[in-house]
Amino acid sequence: MLLNRNQLESYRRDGFLLVESLLEQTEVDALCSAFVRDCAVPGPQRIAEDDGAAVRAVYASHQRQPEFADLIRDPRLLLPVEQLLGADSYVYQFKINAKPAFGGEKWSWHQDYTAWQIADNLPAPLQVNIGVFLDDVTEFNGPVIYLPGSHRGGLLNDRRAERAKSEQHLDPDDIALTPEQLASHVARRGMVSPKGPAGSVVFFSSEVVHGSAPNMSPMARRLLIATYNDVSNLPSWQGEPRPDYVVCRDTEPLSPLDGTFLRQRELVGV
Ligand code: HL5
Ligand code: SIN
Ligand code: MN
């Protein structure tokens with residue numbers, strides 16, 4: 001369940017790593033059912049697309065749905081994360097970006113740590129994200145695009161736009177890179193968009209530049225993103241902290257489950 005030397009090298013070099021089909025289809029089906037259930041829960045954790053109707057993102061589903069609470073401790077995910085971090089970790093943020101068919105909007109080019117430094121005064125970029133594909137990801141349905149190696153140059157932007165796109169969270173639009181920054185990085189490093197079947201997982205750094213185009217295809221692109229933070233790197237709030245759905249307060253170190261997340265649920269008879 002640990003990453004091999006080649007995988008570790010490519011994560012360190014590129015700032016991301018794709019592992020195809022890490023979860024099985026039955027497991028993805030269980031996660032999708034849990035997501036449908038969670039989309040029906042009203043509250044500020046549910047963010048709409050600009051049309052006001054379609055779901056753009058839902059935060060903190062692991063606080064409400066047991067499948068996600070177990071998933072974040074699944075050894076296939078947690079062990080590689082802690083291998084990459086070299087530390088114990090907890091989930092700092094959990095979200096599912098729905099990217100619906102025929103109209104899921106773009107996610108602007110950004111580095112995650114810019115948001116967390118500005119909004120939460122998070123001391124250091126000691127995070128690993130996992131992006132779990134809940135749908136097949138193709139060139140058609142708005143895959144996340146990464147700029148390989150862009151995690152090694154520090155933060156390109158440390159400011160937030162004056163007008164926020166959303167009150168509920170910090171949308172990448174508010175910390176987007178300029179066209180000039182983008183063009184110069186792409187000229188040097190190119191772009192890569194990992195694609196693969198549902199159940200594939202991308203491990204990615206909180207400093208790597210990424211973004212994604214709108215989805216004009218008839219296929220949704222639901223992507224679950226959990227951010228694990230080093231337990232010794234807690235936000236040092238100045239003033240009012242952001243809500244628990246966007247920055248989780250449970251900072252207890254996670255321990256891996258004995259089995260895979262669905263198997264664990266079967267064993268305890270859920
Ligand atoms: N929406 C996140 C937050 O913390 C920040 C973005 O992809 C992560 C930039 O509000
Ligand atoms: C993000 O960085 O949160 C958005 C990426 C995406 O869902 O395309
Ligand atoms: Mn991001």
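All residue numbers refer to positions in the sequence shown, counting from 1. In listed order, ligands and their atoms are each counted from 1.
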- Query: At a 4.0 Å threshold, what atoms of ligand 2 neighbour a non-hydrogen atom of H210?
  - Reply: 2 (O)
- Message: Do D112 and H210 pair up side chain to side chain, a donor and an acceptor below 3.5 Å, judged on atom types alone?
- Response: yes
- Message: Can you confirm, on distance only, whether ligand 1 has an N/O atom lying under 3.5 Å from any N/O atom belonging to Q93?
- Response: yes
- Message: Does M219, at its CE atom, have more than 12 non-hydrogen atoms belonging to other residues, nucleotides or ligands within less than 6.0 Å?
- Response: yes
- Item | Test item: side-chain donor near acceptor, D173 and S108, under 3.5 Å | yes
- Hey, is ligand 2 close enough to D112 that some N/O pair sits below 3.5 Å? no
- Task: Have a look at ligand 1 and work out which part of Y245, if any, has a heavy atom under 4.0 Å from it: side chain, backbone, both or neither.
- Result: neither
- Message: What protein heavy atom lies closest to atom 6 (C) of ligand 1? Include the residue and the distance to one decimal.
- Response: L170 O, 3.8 Å
- Query: So do T227 and F94 actually touch side chain to side chain, heavy atoms under 4.5 Å?
  - Reply: no
- Task: Please confirm whether V246 comes within less than 3.5 Å of ligand 1 when only nitrogen or oxygen atoms on both sides are compared.
- Result: no
- Message: Once you restrict to heavy atoms under 4.0 Å, what part of V247 touches ligand 1? Side chain, backbone, both or neither.
- Response: neither
- Give the atoms of ligand 2, by number and element, whose distance to some non-hydrogen atom of H110 is under 4.0 Å. 1 (C), 2 (O)
- Message: Just so I know, are the side chains of N129 and F203 near enough to count as touching, which here means a heavy-atom distance under 4.5 Å?
- Response: no
- Taking heavy atoms and a distance under 4.0 Å, where does R222 meet ligand 2: side chain, backbone, both or neither? neither
- Message: Does atom CG (N4) have a neighbourhood of more than 12 heavy atoms from anything else shown, all under 6.0 Å?
- Response: yes
- Item | I225 side chain near F204 side chain, heavy-atom distance below 4.5 Å | yes
- Message: Below the 3.5 angstrom mark, is there an N/O of R242, backbone or side chain, next to an N/O of ligand 1?
- Response: yes
- Query: If you measure from each heavy atom of K95 to ligand 1, is any distance below 4.0 Å?
  - Reply: yes
- Item | Identity of the N, O or S atom of D112 lying closest to the Mn ion (ligand 3) | OD1
- Query: Looking only at heavy atoms, is any part of W116 under 4.0 Å from ligand 1, and if so is it the side chain, the backbone, or both, or is it neither?
  - Reply: side chain
